[in-house]
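Here the structure comes first, spelled out in structure tokens, and everything after it is commentary.
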Amino acid sequence: MEEKKISEKYNLKDKVDENFYLQSTEQVAVQLLNKILVKCEKDGTILAGKIVETEAYLGKDDAASHSFGGETERNRPMFEKGGILYVYRSYGIHHCINIVTEEKSIGAAVLIRAVEPLAGLVLMKRRRGTDNIHKLCNGPGNTAKAFGFTKDDNFQSLLSENLFITNNRILPKSKIIKTQRVGISRSRDQMLRFYIKNSKFISRK
DNA sequence: ACTCCGATGGTCT
DNA sequence: GACCATCGGAGTG
């Protein structure tokens, strides 16, 4: 019944198409805000949440990007055509998910940093070990854990039945906050982090 | 409020 | 061997 409420409020059939992911990475990062990430588990459980915080990582000239310097074994998904997942392990402990953008061989992606949970909260709470809804997906590592993303989901298409993003109401420009990216040491000056103003679900102020 | 730090493993030099 | 696109808990004020 949780899923029913969601489908009344949001049109989960209005999936984002491939062209969306082929836009400039900064555009995708901004436009992902307010959209709904949907993942269907093998047992039928639907997980969904509104994307409230993103970061753009540009191509091989962006010193903060994993793609910096060119293609390697790890960053190979980033050099694929936009519309797939790039999942990496962070600090040996967490997983983080990125949405690959632009054309093949560009090497760019958008990091999903925080999500406002909408459906599948029982499973998310169990995976995260907390009932605090504001802490289920408040950061890239926590988001991946709540949604159950692992290295197995690397290269996974976002144009599939089990994993996709849907359109939602357009976010007014006045609600988009643009800041420096967090947790990086190089290219700190670039303003490539975006989040929804006043959201209680972002990773940090 | 803040800072510090340990956990833990893959990737790259 | 160094470096992380993190997180949560401990300590301090």
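Values below: all heavy atoms of this structure, side chains included; hydrogens, waters and symmetry mates excluded.
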Quiz prompt | Any A:Arg74 side-chain nitrogen or oxygen under 4.0 Å from OP1 or OP2 of B:dG9 | solution = no
Exercise. Find the partner of C:dG1: check Watson-Crick (N1-N3 plus N6-O4 or O6-N4) and G-U wobble (N1-O2, O6-N3) distances, both under 3.5 Å, and reply none if neither fits.
Key: B:dC12
Quiz item: Does A:His94 have a side-chain nitrogen or oxygen under 4.0 Å from the phosphate oxygens OP1 or OP2 of C:dC7?
Solution: no
Self-check item: Residue closer to the 5' end of DNA chain C, A:Gly139 versus A:Gly92 (nearest nucleotide)
Solution: A:Gly92
Self-check item: Sugar-phosphate only, base, or nothing, as touched by A:Arg188 at under 4.0 Å among non-hydrogen atoms
Solution: nothing
Exercise. Check the geometry between A:Tyr88 and C:dA5 and answer yes if their rings are stacked (centres below 5.5 Å, planes below 30°), otherwise no.
Key: no
Quiz item: Could you state the NE2-C1' distance from A:His66 to B:dT11, rounded to the nearest angstrom?
Solution: 10 Å
Quiz item: Can you tell me if the side-chain N/O atoms of A:Arg113 get under 4.0 Å from OP1 or OP2 in C:dT6?
Solution: yes
Quiz item: What integer distance in Å separates A:Arg186:CZ from B:dC12:C1'?
Solution: 11 Å
Quiz item: B:dG10 C1' sits how many Å from A:His95 NE2, rounded?
Solution: 11 Å
Quiz item: Does A:Thr72 make a side-chain N or O approach to OP1 or OP2 of B:dT11 shorter than 4.0 Å?
Solution: no
Quiz prompt | Note: A:Arg126-A:Asp131 ion pair, threshold 4.0 Å (strictly below) | solution = no
Self-check item: Interatomic distance where CZ belongs to A:Arg127 and P belongs to C:dC7 [whole Å]
Solution: 17 Å
Self-check item: OP1 or OP2 of C:dC4 under 4.0 Å from side-chain N/O of A:Ser185
Solution: yes
Practice problem: Using distance alone, with no hydrogens and no angle criterion, decide if A:Thr101 and A:Gln23 have a side-chain donor and acceptor under 3.5 Å apart. | Solution: no
Exercise. Could you check A:Ser203 against A:Glu53 for side chain to side chain donor-acceptor pair (under 3.5 Å), going step by step and ending with a plain yes or no?
Key: CA-CA 8 Å; A:Ser203 62; A:Glu53 180 182 345; 2.8 Å; yes
Exercise. Map A:Arg89 and A:Asn75 onto DNA chain B by nearest heavy atom, then report which one ends up closer to the 5' terminus.
Key: A:Arg89
Quiz item: How is A:Asn98 classified with respect to the nucleic acid when contacts are heavy atoms under 4.0 Å: base, sugar-phosphate, or nothing?
Solution: base
Quiz item: In whole Å, what is the span from the CG atom of A:Leu58 to the P atom of C:dA5?
Solution: 15 Å
Quiz item: Do the side-chain N or O atoms of A:Lys135 get closer than 4.0 angstrom to the phosphate oxygens (OP1, OP2) of C:dG9?
Solution: no
Quiz item: For B:dC4, what is the paired nucleotide under Watson-Crick or G-U wobble rules, both distances under 3.5 Å?
Solution: C:dG9
Quiz item: Looking at A:Tyr57 versus A:His66, is the centre-to-centre ring distance below 6.0 Å?
Solution: no
Quiz item: Say you pick atom C1' in C:dG8 and the same atom in B:dG10; how far apart are they, in whole Å?
Solution: 22 Å
Quiz prompt | NZ (A:Lys135) with more than 12 external heavy atoms under 6.0 Å | solution = no
Self-check item: Distance, rounded to the nearest Å, where A:Ile99 contributes CD1 and C:dA5 contributes C1'
Solution: 15 Å
Quiz prompt | Test: A:Lys60 and A:Glu71 ion pair at under 4.0 Å | solution = no
Self-check item: d(CG, A:Asn154; P, C:dA5) in whole Å
Solution: 16 Å
Quiz item: Just checking A:Ile184: base, sugar-phosphate only, or nothing, at a heavy-atom cut-off of under 4.0 Å?
Solution: sugar-phosphate
Quiz item: Hey, is the side chain of A:Asn138 poking within less than 4.0 Å of OP1 or OP2 on C:dT6, counting only N and O atoms?
Solution: no
Quiz item: B:dG9 C1' sits how many Å from A:Lys151 NZ, rounded?
Solution: 10 Å
Quiz item: So, does the side chain of A:Tyr91 form a donor-acceptor pair with the base of B:dA7 at under 3.5 Å?
Solution: no
